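Right, one structure below, let's go through it.
As the structure is a computational prediction, the values presented were derived from the model and not from experiment.
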Amino acid sequence: MASSSPSPVQERQRLRQPYPHFKVVVLDDDVNTFQHVVECLVRIIPGMQPDQAWDLAHRIDSEGSAVVWCGPQEQAELYHQQLGAEGLTMGPLEPA
């Protein structure tokens with residue numbers, strides 16, 4: 001009789017799949033200043049340096065949006081919520 005549960009090999013392969021990553025996207029708006037965007041990015045995104053944050057702020061302004069962080073879904077949701085709470089205009093979380 002065939003078993004419907006996965007074999008040990010199938011189970012190991014399933015467990016090895018990487019945790020899905022998501023992109024945190026900030027959108028351009030007419031409300032937030034460059035300085036505010038930079039300060040929020042440096043304070044909320046781990047390891048974000050001011051020079052990198054300024055580059056991202058300029059990209060947001062010139063291109064309409066920028067991916068400011070990419071990684072595991074739970075962290076992406078946290079940073080997305082925190083940046084939005086600071087008044088930044090956020091794009092939807094998207095799989096990376």
With heavy-atom distances below 4.5 Å as the criterion, would you say the side chains of His21 and Pro95 are in contact?
no

Which heavy atom of [X] sits nearest a heavy atom of [Y], and at what distance?
X	Y	answer
Gly71	Ala76	O-CB, 4.4 Å
Tyr79	Pro46	OH-CG, 3.0 Å
Asn32	Thr89	ND2-N, 4.2 Å

Does any pair with a residue in residues 19-40 pass salt bridge (charged side-chain N to carboxylate O under 4.0 Å, His left out), and if so which ones, sequence neighbours excluded?
Lys23-Glu94

Quick one: CD on Gln75 to CD1 on Ile45, what's the gap to the nearest 0.5 Å?
10.0 Å

Point-to-point distance, once rounded to the nearest 0.5 Å, from CG of Leu41 to CG of Leu88:
6.5 Å

Under the side-chain contact (heavy atoms from CB on, under 4.5 Å) rule, collect the residues that match up with Ala85, sequence neighbours excluded.
Gln81

Among all residues two or more places apart in sequence or in another chain, which pass the side-chain contact (heavy atoms from CB on, under 4.5 Å) test with Thr33?
Gln35, His36

Report the residues that fulfil salt bridge (charged side-chain N to carboxylate O under 4.0 Å, His left out) with Glu86, sequence neighbours left out, ordered by chain and then residue number.
Arg43

Side-chain donor-acceptor pairs under 3.5 Å in residues 47-56, sequence neighbours left out?
none

For residues 57-74, which residue pairs pass the side-chain hydrogen bond (donor to acceptor under 3.5 Å, both in side chains) check, not counting sequence neighbours?
Gln73-Glu77

Under 4.5 Å between side-chain heavy atoms, chaining through other members, with only Ile, Leu, Val, Met, Phe, Trp and Tyr counted: pull out the rest of the cluster around Val25, sorted by chain and number.
Leu27, Val67

